[in-house]
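Below is one structure, written out as structure tokens; the observations come after it.
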Amino acid sequence: MTESARILIVDDGPDAGNMLSGWLEAEGYECVISTNADEALQLLDQDDFSVLLATMPGKSSIELLAQTREHYPDVAVIMATSFDDREWAIKSLKMGAYGYVTKPFDQGEVTINVAKALEWRRLVLASHRYEQRLEEEVQARTAEISRREEDTILRLVWAAECRDQATGDHIRRVGLHAAALAEALGWEQRRVDDIRLAAAMHDIGKIGIVEGILLKAERLTPTEFEVLKKHTEMGARILEGSDFPLLQMAKEIALCHHERWDGAGYPRGLAGEEIPESARIVAIVDVYDALSHARVYRPAHPEEEVLAIMADGRGEHFDPRIFDCFLDIIPKFLSIRTLVQREGNPFQSRK
Ligand SMILES: [Fe+2]
Ligand SMILES: [Fe+2]
């Protein structure tokens, strides 16, 4: 079969090169002759070749083969070897040469080997393209599933909390803020992605709190406050028992986001590193977002005031190490706030 393809012939003398290129051009191939390995590598760099036919003596051919396999793996290499030099032939095949032809050259053997090398290359390239397409498809589907999962979770969390003052925007921002802080703390990407959703579920347990307490504008009585505190354990009950790390993290956040570094929080009075790191992160960003935005019973605090109030909690309410990292990335939180504001509340916009 005649096929238009570029073939690089490397020979240290012009005679064999001219002969080989004559045979191969008669088959419809385009040939370029090079007289040494360095020049051949330059040509491979500049042009697109399908086959490299290396006919110079042993060692330099082997070196050229190694370089070609490393830098131009899609080029099929055919080695030429003397009739009695089978050892070189076997070595070159082990190093990834497609095949070899023996000297003195035989026109039929050369053209058949080149045709077979081209067919091999076509199959290899087709297989690469197929693998690449498959990988792109898997990535696209995974991204779609993640988006769908995220959208569903955020809507359900908002549905569970829409009786409360919290808005869809607060839920989204707490997730994004927690992810930004986790990333700054050096968390690996998979866990950063998990906390973005897990943090959004921090108050899911409020679905079990009666409206009289949840929506009360005045200060809660101590008894009412005890009831409100139960939203942590209720949230944990809703989320517990899952095999998925995302939901396991969501459970620990729901349960522990009101714990305090000094042990004075609820529901269990955990202190310091007894509190899961995820919950220590959410404790900070939840308070930050709540203070930065208006509630029905109070206006939003200006940024400096928010930070001043929160600074009093460093080492008492908040883990000091995470709090310092939080201060370092304040500009990130401001840009998240702008982003969420600009995009609007995805839940309310579809009412
Ligand atoms: Fe809460
Ligand atoms: Fe919250």
Side-chain angles (χ1 to χ4, degrees), residues 153-182 195-217 219-220 222 224-240 247 249-261 264-270 275-301 306 309-310 313 317-319 322-323 326 333 336-337 340-341 345-348:
I153 288 178
L154 292 176
R155 281 164 197 275
L156 289 177
V157 173
W158 186 66
E161 293 183 30
C162 63
R163 297 173 308 146
D164 189 14
Q165 315 294 342
T167 63
D169 279 0
H170 169 71
I171 292 160
R172 234 180 121 206
R173 277 193 308 262
V174 167
L176 291 167
H177 288 332
L181 189 44
I195 201 173
R196 197 174 65 246
L197 284 178
M201 298 183 237
H202 64 284
D203 269 342
I204 192 110
K206 282 188 177 170
I207 198 168
I209 305 296
V210 292
E211 286 187 359
I213 293 176
L214 200 60
L215 299 178
K216 192 173 174 186
R219 202 176 176 79
L220 296 179
E224 288 168 337
F225 190 50
E226 287 309 309
V227 174
L228 181 67
K229 284 178 176 179
K230 296 280 180 213
H231 79 276
T232 51
E233 284 155 326
M234 282 186 198
R237 272 212 301 282
I238 291 168
L239 296 164
E240 75 189 349
L247 290 171
M249 189 191 285
K251 183 226 156 181
E252 66 186 26
I253 290 173
L255 184 62
C256 302
H257 68 282
H258 289 290
E259 298 288 3
R260 291 171 50 113
W261 182 253
Y266 67 88
R268 291 183 290 170
L270 301 179
I275 308 164
E277 194 178 26
S278 57
R280 281 179 269 146
I281 290 173
V282 173
I284 294 173
V285 297
D286 189 29
V287 170
Y288 171 72
D289 195 73
L291 291 176
S292 305
H293 292 84
R295 291 283 160 102
V296 281
Y297 51 88
R298 60 153 175 83
H301 291 279
V306 171
I309 296 169
M310 290 184 73
H317 188 163
F318 309 121
D319 176 338
I322 300 180
F323 187 75
F326 157 78
F333 295 129
I336 288 170
R337 203 189 295 179
V340 172
Q341 206 169 23
N345 183 338
F347 317 114
Q348 287 168 352

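As the structure is a computational prediction, the values presented were derived from the model and not from experiment. Each ligand, and each atom within it, is numbered from 1 in the order the structure gives.
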Taken in chain and number order and not counting sequence neighbours, the residues that satisfy side chain to side chain donor-acceptor pair (under 3.5 Å) with Arg260 are Asp262
Measure from the side-chain N and O atoms of His257 to the backbone N and O of Ala254, and report whether any donor-acceptor pair falls under 3.5 Å. yes
Residues passing the side-chain contact (heavy atoms from CB on, under 4.5 Å) test with Glu226, sequence neighbours excluded, are Lys229
Which residues satisfy the side chain to side chain donor-acceptor pair (under 3.5 Å) test with Glu252, sequence neighbours excluded? Ser278
Please check: side-chain N/O of Glu240 versus main-chain N/O of Lys251, any donor-acceptor pairing under 3.5 Å? no
What's the count of protein N, O or S atoms under 2.8 Å from the Fe ion (ligand 1)? 4
Working to the nearest 0.5 Å, report the span between CZ of Phe333 and CZ of Arg173. 12.5 Å
